[in-house]
Amino acid sequence: MKYLLGVGIGMVFVAMAFGPRAFSCNYFPNARVLDEAYSKKLSISPEAQAFLKAESLDSTFLKKELFKRSKVDFDRSKKDQVPCREYIANYESKDQTKKYDFVFDVCRETSKLVSIQKK
């Protein structure tokens, strides 16, 4: 009983000291790659910018859809390339009206959308 009381008090102190934390963990390779690209500063190549403008897509679409709901094609990707790994991914919207293939690089400090095209 004294043990549980001590653990309970300890947990209260830890919660007060560190506060609530948002914790998420991606276990699967697809989610880890997309999350890593999403979390870094994203730059966009001129070719990709022209496509996004032509399709009326904005940066919100990139961050909330493209880098969240895509599937990385690891067979075609250059995941061992140095200094930046190059990934090829496929995106399909929930209603299946938008389908894109895109290439992005993940570097140490940044990520870059290299190209994007309609399927």
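Small disclaimer: the values here were computed from a predicted structure and weren't measured.
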> Quick one: does D35's side chain have a donor or acceptor within less than 3.5 Å of a partner on N30's backbone?
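Side chain of D35 to backbone of N30, a donor-acceptor pair under 3.5 Å: no, none is there.
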> Mind checking whether R69 and K94 have side chains closer than 4.5 Å, heavy atoms only?
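Counting from C-beta outward, R69 and K94 do come under 4.5 Å.
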> Which residues pass the side chain to side chain donor-acceptor pair (under 3.5 Å) test with E65, not counting sequence neighbours?
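With neighbours one apart ignored, the set is Y91.
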> Extract all donor-acceptor atom pairs below 3.5 Å that involve side chains of residues 99-119 and protein atoms in other chains or at least two apart in sequence.
residue : atom : partner : partner atom : Å
S111    : OG   : A37     : O            : 2.9

> Between L57 and L34, is there a shared hydrophobic cluster once you connect ILVMFWY residues whose side-chain heavy atoms come closer than 4.5 Å?
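Yes, L57 and L34 fall within the same hydrophobic cluster.
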> V14: what forms a side-chain contact (heavy atoms from CB on, under 4.5 Å) with it, not counting sequence neighbours?
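Per chain and number, V14 pairs via side-chain contact (heavy atoms from CB on, under 4.5 Å) with F18.
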> Which residues pass the side-chain contact (heavy atoms from CB on, under 4.5 Å) test with L5, not counting sequence neighbours?
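By the side-chain contact (heavy atoms from CB on, under 4.5 Å) rule, L5 matches I9.
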> I'd like to check L62 versus L52 (side-chain heavy atoms, cut-off strictly below 4.5 Å). Are they in contact?
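Heavy-atom side-chain distance check passes, below 4.5 Å.
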> Taking the side chain as every heavy atom from C-beta outward, state whether V33 and F74 have any pair of such atoms under 4.5 Å apart.
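V33 reaches F74 side chain to side chain.
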> Taking only residues at least two apart or on different chains, which pairs with a member in residues 76-85 satisfy salt bridge (Lys or Arg N to Asp or Glu O under 4.0 Å)?
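Sorted pair list: E36-R85, D73-R76, K78-E86.
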> Is there a path of hydrophobic side-chain contacts, each under 4.5 Å between heavy atoms of I/L/V/M/F/W/Y residues, joining Y38 to F61?
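They do share one cluster, since a chain of ILVMFWY contacts under 4.5 Å joins F61 to Y38.
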> Applying disulfide bond (SG atoms under 2.5 Å apart), which residue pairs with at least one partner in residues 43-83 are found, sequence neighbours left out?
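Pairs touching residues 43-83 that pass the test: none.
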> Is any side-chain heavy atom of S77 closer than 4.5 Å to a side-chain heavy atom of V72?
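Contact flag for S77/V72 side chains = yes.
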> With hydrophobic residues grouped by side-chain heavy-atom distances under 4.5 Å, do Y3 and M11 end up in a single group?
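Hydrophobic grouping puts Y3 with M11.
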> Mind checking what makes side chain to side chain donor-acceptor pair (under 3.5 Å) contact with D95, not counting sequence neighbours?
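Per chain and number, D95 pairs via side chain to side chain donor-acceptor pair (under 3.5 Å) with S93, T97.
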> State plainly whether one hydrophobic cluster holds both I44 and Y87, where clusters connect Ile, Leu, Val, Met, Phe, Trp and Tyr through side-chain heavy atoms under 4.5 angstrom apart.
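They do share one cluster, since a chain of ILVMFWY contacts under 4.5 Å joins I44 to Y87.
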